[in-house]
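Note sheet for the following structure.
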Amino acid sequence: MAFKDKVYSLVKKIPRGKTKSYSEIAKLAGRPKAWRLVGSILNKNKNPNVPCHRIIRSDGFLAGYNKGLRKKERLLKKEGVKIEKGRVVH
DNA sequence: CGTATGACGTGCA
DNA sequence: GTGCACGCCATAC
């Protein structure tokens, strides 16, 4: 299983209304120092089965989204995650 | 097969 | 407190 596939699986397992940071995903995928790839991979791969909108920066700020940050923010809010100025409110 | 890249993260000036 | 620069590693071309 390639690293990217593992990332996808993990992202798919993220429960609704929750967010995960890139480093967390990379860590669970087996490459704690490959968080950079997580974002890179998700960006290149537009898989609708993967809720990539739940992936945010470790700071809590929203990073990017293949469908547009605007949509990502709205989706998270819809799922129960509160966003403020592009940042996830903990 | 080799090079360049990228939705990040952290440290240091 | 803010800004800049480096590091890190699999994927794509």
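In the text below, chain A, chain B and the rest are named by the order of the sequence lines, each starting its count at 1.
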On DNA chain C, compare the nucleotides closest to A:R36 and A:K4; which residue's is nearer the 5' end?
A:R36
If only side-chain N and O atoms of A:S40 are considered, is one of them under 4.0 Å from the OP1 or OP2 phosphate oxygen of B:dT5?
no
Any side-chain to backbone donor/acceptor pair from A:D59 onto A:F61? Under 3.5 Å, distance only.
no
Any side-chain to backbone donor/acceptor pair from A:K33 onto A:A26? Under 3.5 Å, distance only.
no
How close or far is atom P of B:dA4 from atom NZ of A:K44, stated in whole angstroms?
14 Å
For atom CD1 of A:I41 and atom P of B:dA4, their distance in whole Å
20 Å
Could you check whether A:H53 and A:E73, counting side-chain N and O atoms only, form a donor-acceptor pair closer than 3.5 Å?
no
From CG of A:L42 over to P of C:dT11, roughly how many Å is that when rounded to an integer?
12 Å
Between atom CD1 in A:I25 and atom P in C:dC8, what is the gap in whole Å?
22 Å
Rounded to the nearest Å, what distance is computed from the NZ atom of residue A:K6 to the P atom of nucleotide C:dT11?
12 Å
Counting any heavy atom closer than 4.0 Å, what does A:A2 reach on the DNA or RNA strands: base, sugar-phosphate only, or nothing?
sugar-phosphate
Return the nearest nucleotide to the side chain of A:W35; candidates are B:dC8, B:dA7, C:dT11.
B:dC8
Determine whether A:N66 and A:N43 make a side-chain contact, defined as any pair of heavy atoms from C-beta on separated by less than 4.5 Å.
no
Could you give the CZ-to-P distance, from A:F61 to B:dG9, as a whole number of Å?
12 Å
Walking DNA chain C from its 5' end, the first of A:F3 and A:K33 to be reached, judged by nearest nucleotide, is A:K33
Can you tell which of C:dA12, C:dA10, B:dC8 lies closest to the side chain of A:R57?
B:dC8
Between CZ of A:R31 and P of B:dG9 the distance, given in whole Å, is 19 Å
Between A:E79 and A:K18, does at least one N-O distance fall below 4.0 Å, as a salt bridge requires?
no
Listed nucleotide nearest any side-chain atom of A:L37, set B:dA7, C:dT11, C:dA10
C:dA10
Just checking A:N66: base, sugar-phosphate only, or nothing, at a heavy-atom cut-off of under 4.0 Å?
base
Looking at C:dC9, B:dC8, B:dA7, which one has an atom nearest to any side-chain atom of A:A34?
C:dC9
Quickly work out the A:K27 NZ to C:dC9 C1' distance and round it to whole Å.
18 Å
